[in-house]
Amino acid sequence: MNWLSQNTDLVFDLTLTHLRLSIPPILLSLVLAIAIGYLAHRQRFARGPVLTLTGLLYAVPSLPLFIMIPVVFGTPLRSGSTMIIALTIYGVALLVRSAADAFGSVDRSVHETANAVGFSPWARFWRVELPLAGPVLLAGLRVVAVSTVSLVTVGAVIGIQSLGTLFTDGFQRGIQAEIFTGVILTILVGYLLDTACVWTGRLLMPWTRPRPRTNSRAPLHVPADVAGGAR
Amino acid sequence: MIEFRDVSKRYPDGTVAVESFSFVVPSHETVVFVGSSGSGKTTLLRMVNRMVDPTSGTVLIDDQDVQQVDKVQLRRSIGYVLQGVGLLPHRTILDNVATVPMLRGVSRAHARKDALGLLDRVGLDRALATRYPSQLSGGQQQRVGVARALAADPNILLMDEPFGAVDPIVRAELQVELRRLQSELGKTTVFVTHDVDEAFKIGDRVVILSAGGRIEQADTPERIVAHPANDFVADFIGARSARRTLRVQDVDGREVVVDGDGRPVGMLAT
Amino acid sequence: MIEFRDVSKRYPDGTVAVESFSFVVPSHETVVFVGSSGSGKTTLLRMVNRMVDPTSGTVLIDDQDVQQVDKVQLRRSIGYVLQGVGLLPHRTILDNVATVPMLRGVSRAHARKDALGLLDRVGLDRALATRYPSQLSGGQQQRVGVARALAADPNILLMDEPFGAVDPIVRAELQVELRRLQSELGKTTVFVTHDVDEAFKIGDRVVILSAGGRIEQADTPERIVAHPANDFVADFIGARSARRTLRVQDVDGREVVVDGDGRPVGMLAT
Amino acid sequence: MTLVQGALDWLGDPANWRGLSGIQQRLVEHLAITGAVILVAALIALPLGILVGHTRRGRGTVVALTSGVRSIPTLGLLTILALNLGIGLTAPVLALIVLAIPPLLAGAYAGIESVSVDAVDASRGIGMTEWQLVRAVEVPLALPVIVGGLRSATLQVVATATLAAYVADAGLGRFLFSGLKQRQYSEMLGGAILVATLALVLETALALMQRVLTTVPPDTGRP
Amino acid sequence: GSDDSDPLKDSSSSKTSSGETIVIGSQDYYSSEIIAEIYAQALESADYTVKRDFKIGQREVYVPEIENGSIDLFPEYSGPLLQYWEPKTEARLSVDVFDALVEAAPKGLNILDQSDATDQDSYVVTREFADEYDLETLEDLAKVDDKLTIGANSELEGRPNGPKGLEKAYGFEPAFTPIEDSGGPLTVKALKDGTIQMAIIYTADPSISKNDLVALQDTKGLFLASHVVPVASDKLDDDAVAIINKISAELTPEGLVALNAESVDKQSPAKDIAKGWLADHDVTA
Ligand SMILES: Nc1ncnc2c1ncn2[C@@H]1O[C@H](COP(=O)(O)OP(=O)(O)OP(=O)(O)O)[C@@H](O)[C@H]1O
Ligand SMILES: Nc1ncnc2c1ncn2[C@@H]1O[C@H](COP(=O)(O)OP(=O)(O)OP(=O)(O)O)[C@@H](O)[C@H]1O
Ligand SMILES: [Mg+2]
Ligand SMILES: [Mg+2]
């Protein structure tokens with residue numbers, strides 16, 4: 001741990017940078033996925049194509065994506081914006097299906113009820129459909145959070161600093177402790193954001209809190225599990 | 001008073017759910033529409049709060065054509081208990097009951113206070129107020145559904161098989177409760193069911209429907225049992241079945257009423 | 001003959017579901033266990049085919065301790081209709097019915113042929129044979145469940161609230177069917193329900209249970225109605241309620257039997 | 001858009017398809033890596049997932065484990081493995097197996113758990129042995145979800161197998177790295193298009209398979 | 001060669017950053033980072049405001065940023081940089097390369113004095129392998145009858161001193177395996193494992209002596225001389241330039257190897273290594 005003791009500042013800085021790069025794409029992809037997912041949910045004919053297309057974005061390897069983004073969006077290659085756009089694209093790719101499923105998971109009868117008691121369509125979306133889609137959305141968001149944190153590291157290959165820098169640097173200098181530190185901190189940051197998602201969910205969706213008196217199994221949503229990894 | 005004036009409904013796919021249906025539901029009375037599945041009961045009920053618009057004919061509430069009233073406003077002014085309860089799963093019991101007043105602009109605090117009173121009214125413990133629907137039993141949920149329908153203090157109450165999903169014991173309790181409520185509140189009520197026994201227990205007047213919303217008989221329960229208008233009605237209420245042909249049997253010195261199969265139904269009051 | 005000899009069941013979490021229960025179900029009779037939710041009915045029933053093993057006491061079938069019999073063999077020799085039907089959603093109706101014979105080694109072709117006959121027996125159209133369970137109505141599914149239980153031609157039939165999930169009308173039909181089947185087949189049957197009326201309609205003998213599987217009264221339906229053993233039973237069967245205290249009323253010259261609230265129940269047979 | 005045009009030209013040039021480092025060879029390598037990885041990962045994850053789903057034991061552990069494994073950055077894992085195992089395919093294949101396990105495992109246990117409790121109870125009740133229950137009821141009913149897990153795993157592995165080129169002379173990733181380093185962006189983009197197309201083809205094939213394996217007909221409502 | 005459609009060329013507008021701040025960059029290579037850190041600390045002690053932008057990928061990524069002015073000072077290597085700008089250059093010797101480089105530098109960029117310290121690509125083999133075939137120069141490799149595989153960053157494959165260059169200059173073409181660690185430990189491990197026979201490792205890399213590797217002489221001038229050379233924008237005033245030139249003068253080839261060894265063996269951060277070096281060398285203008 002010789003290396004770690006001499007580099008705590010660096011590690012701390014990189015962890016913060018890592019967080020700064022992770023959080024915006026997570027939030028952005030949530031917003032975009034809700035919009036696209038709702039559209040896919042409402043327009044039955046659009047559903048198939050939209051879901052396949054966005055899902056396929058996830059199969060685009062990251063290096064070429066990093067090169068394409070400056071061309072399309074005019075951002076400097078080695079900038080946070082490029083990274084954030086790329087990760088937002090992956091986040092949307094992961095989350096759109098979850099979002100469409102989330103709105104689909106809202107019982108038709110609830111929709112009916114909302115109409116019947118006199119909700120206007122706008123109020124129905126914000127006060128009934130969106131909150132009820134919450135749990136499934138959250139499950140998807142958790143996967144996105146963890147995979148985004150892990151994907152940020154790939155930026156190191158093109159010189160965007162993050163905990164991934166510890167991999168490339170440790171690799172060249174042959175310092176395993178440095179690589180391990182990077183891996184473990186990445187996992188921790190992922191865990192931190194995942195936990196943050198869970199707690200935010202509990203706070204915003206009190207009705208999903210585990211409750212006494214019911215001994216039934218937790219409601220099971222098959223994970224939208226297309227997570228993780230770097231390309 | 002609700003008046004159906006020669007209404008028909010043909011759905012976009014061509015199904016004719018209701019054809020030339022005319023009927024008047026007098027104020028402060030409970031009318032039950034009973035008929036087998038697909039006979040158009042729900043369609044008729046939903047014409048009242050414009051969840052369905054008739055293809056032809058008019059529905060009038062106190063002589064005003066409902067087509068003239070804004071949909072959303074109309075719905076907020078009519079109590080509606082849906083086939084399948086339909087509580088909002090993400091709101092507490094109290095907030096579920098307070099939904100309509102809040103939509104109408106009543107302050108949250110006020111609406112909640114009123115909602116508490118309604119819980120008492122439908123026989124729910126106030127301790128349940130902060131629970132969520134999924135934490136209640138089926139019967140309790142039904143009561144919440146009724147409380148919500150009453151929350152805006154509507155003159156009209158529409159109930160679509162409100163007790164369809166609960167088991168027979170709770171169902172019997174709820175039927176008794178509903179009769180009590182009706183005698184206290186005297187709302188103009190349209191109640192839909194496909195269970196004849198339930199219809200007889202609840203309705204001041206029962207309308208027996210066949211396919212397409214055709215009226216086979218509309219009368220008081222006793223008179224329907226005593227004098228079924230035609231074979232359809234007789235079959236529908238099971239007039240000739242073992243369960244309706246009762247006799248009195250002596251069991252160890254007590255007068256037990258048994259059905260055609262010899263199964264006990266009750267005791268003869270002395 | 002099924003004999004429960006002082007059986008108790010304590011679940012791992014500490015719940016005592018059944019305590020010292022003894023009872024004999026005579027051969028070829030239908031005994032109904034009725035009691036409110038959680039009284040231990042399912043637990044008792046499942047002791048017979050060893051889906052639950054008692055913590056103490058023994059269950060004997062024709063004087064043989066079921067503990068001595070291999071679980072799987074035992075279950076294949078007993079017909080079991082479950083509380084939630086539990087058909088295999090990926091198999092056709094026919095294959096669902098043929099499952100047990102096939103497990104016992106009967107050839108597929110043979111098992112299917114027999115299964116067709118069983119569909120007739122429970123009153124299902126053969127045309128449904130190639131459908132999947134999700135394509136059937138609740139009542140039809142229940143019939144398939146019964147057919148499956150009969151497929152191995154068992155001597156014993158266990159039925160756990162088989163009609164719990166269907167609506168009252170279909171339920172009444174199924175009850176009638178079941179009685180017909182029983183009189184034809186004469187299986188030793190244990191039937192569980194929490195609906196007293198259903199118990200009275202189906203059971204040769206009815207066992208009224210309170211919490212922990214305690215027997216409050218075990219007798220024929222008529223005798224229970226005529227002479228409830230204690231207050232618990234009287235309350236449970238609603239002996240003093242309006243629906244059981246009947247009287248005869250004249251409606252336009254016909255004798256209508258009405259309940260305590262004046263709601264018609266049937267006509268007096270003449 | 002000259003970039004895209006360049007990529008298409010690169011793809012269209014038959015010279016780029018031939019030879020030991022031609023597109024054809026790289027495609028085959030990429031597919032072989034993907035296939036091997038999925039096969040090994042499935043052999044590990046599916047039995048484990050089915051066991052967990054069937055016994056309903058250890059679900060918490062498995063959920064925590066998959067979520068943890070999912071957050072391991074593949075690049076970091078790859079470098080550590082490579083430093084210890086040397087260059088060649090061993091390190092990337094191992095790293096990819098680790099990547100593929102969570103979705104496969106989750107698909108397996110979630111699939112088995114999603115089988116209706118009633119159907120499972122009934123199967124026991126009519127006298128199925130545990131093995132018959134798994135084979136004839138749980139696995140067939142769970143198959144669509146299991147294949148769903150297989151789909152995600154395949155999609156991820158196809159995309160991530162490009163990292164093999166970080167330490168080995170194999171796979172479509174070679175076009176990405178050498179394109180990046182030599183400023184041959186058309187080659188790089190061409191490589192990316194190849195990867196995405198391969199993913200699309202596999203995805204479509206698995207989606208079809210999923211449809212075929214869905215033995216339960218959709219709920220048609222009233223019969 | 002470069003595509004016409006280089007997306008990085010105009011990726012950001014060329015404007016100099018505000019005020020006095022000098023932006024110093026470095027390669028994603030620990031040795032480059034140490035030198036950049038020395039520049040940074042030396043300038044800071046002379047009261048310049050400095051912004052560090054280190055570990056920027058490969059040349060393909062950062063050179064456009066130097067060219068468009070977002071980076072003001074960068075420790076470069078004369079040979080490879082010249083090849084980047086002039087892929088067809090014929091210059092090989094130290095002085096020629098430097099002169100050509102000054103020629104080739106785009107307007108607005110100044111090539112400061114080059115240091116004696118060199119860090120240039122070299123082909124290395126293990127001692128065993130060298131002994132087995134009696135190898136001293138790259139020419140001797142023609143004697144090897146076994147399979148010969150080079151391991152290096154993938155960009156080498158297309159470069160003039162890669163496999164094709166060897167073929168042209170020395171008459172044999174080895175196989176190629178990419179190892180993206182810039183001649184780091186993985187490459188060394190691959191050499192020792194025998195998965196590759198030949199690798200490119202920088203001459204200033206301490207691992208050459210540590211692992212007893214043999215650098216084969218480049219008799220036909222495949223590699224250009226490669227000295228540490230600062231590239232600077234016009235934003236550096238004379239004093240700053242003087243400080244940087246002084247550093248170049250003080251930095252010796254052995255000194256550079258020592259700095260690198262400190263990073264790899266002692267695992268010290270660049271900051272500390274630079275501080276130690278500056279304490280031992282007077283670079284005040
Ligand atoms: N939205 C719709 N589109 C097309 N047909 C419909 C629609 N809603 C109902 N129908 C059809 O209209 C007929 C009457 O339906 P309705 O729901 O009013 O019957 P119901 O008496 O309420 O039946 P249930 O007892 O099953 O609730 C049925 O044949 C039904 O299939
Ligand atoms: N597997 C189990 N573990 C722990 N407790 C159990 C289990 N199964 C049943 N119980 C408890 O044992 C008691 C009796 O349960 P049982 O299912 O036999 O009742 P029941 O009479 O069939 O009820 P219901 O009418 O609701 O089906 C209940 O308190 C129940 O909560
Ligand atoms: Mg209806
Ligand atoms: Mg039970």
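Note: hydrogens, waters and symmetry copies are ignored here, and every other heavy atom, side chains too, is used. These numbers come from a predicted model, not from an experiment. Order of the sequence lines sets the chain letters (A, B, ...), proteins ahead of strands, with each chain counted from 1.
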Atom pair [atom1]/[atom2] of [X] and [Y] - distance to nearest 0.5 Å:
| X | Y | atom1 | atom2 | result |
| --- | --- | --- | --- | --- |
| D:Leu78 | D:Thr160 | CG | OG1 | 11.0 Å |
| A:Phe171 | D:Leu83 | CZ | CG | 5.5 Å |
| D:Leu189 | D:Leu194 | CG | CG | 10.0 Å |
| D:Ile146 | D:Gln210 | CD1 | CD | 11.0 Å |
| D:Leu155 | D:Glu203 | CG | CD | 5.5 Å |
| A:Gln161 | A:Leu14 | CD | CG | 6.0 Å |

Task: Stepwise side chain to side chain contact (heavy atoms under 4.5 Å, CB included) test for D:Leu163 and D:Phe177 - done: CA-CA 9 Å; D:Leu163 274 190; D:Phe177 279 104; 4.2 Å; yes
Quick check: do [X] and [Y] have side-chain heavy atoms less than 4.5 Å from each other?
| X | Y | answer |
| --- | --- | --- |
| D:Ile23 | D:Phe175 | yes |
| A:Val11 | A:Trp3 | yes |
| D:His30 | D:Thr34 | yes |

Might you point out which heavy atoms bring [X] and [Y] nearest each other, and give the distance in Å?
| X | Y | result |
| --- | --- | --- |
| D:Pro144 | D:Pro140 | CD-O, 4.0 Å |
| D:Ser114 | D:Val145 | OG-CG2, 4.3 Å |
| D:Pro47 | D:Ala42 | CD-O, 3.4 Å |

Open item on the list: Suppose a student defines contact as a heavy atom less than 4.5 Å from any heavy atom of chain A. Which residues in residues 195-202 of chain D would they list?
Closed with: D:Val195, D:Ala196, D:Ala199, D:Leu200
TODO: Identify the residues of residues 184-198 of chain A whose heavy atoms come closer than 4.5 Å to a heavy atom of chain D, ordered by number, or report 'none'.
DONE: A:Thr186, A:Ile187, A:Asp194
Open item on the list: Are there residues of residues 79-89 of chain A whose heavy atoms fall under 4.5 Å of chain D's heavy atoms? If so, which?
Closed with: none
Open item on the list: Below 4.5 Å, heavy-atom pairs only: which of D:Leu77, D:Val98, D:Thr79 has the largest tally toward chain A?
Closed with: D:Thr79
Task: Structural part of A:Val183 lying under 4.5 Å from a heavy atom of chain D - done: both
Task: side chain to side chain donor-acceptor pair (under 3.5 Å) partners for D:Glu29, two or more places apart - done: D:Gln25, D:Arg26
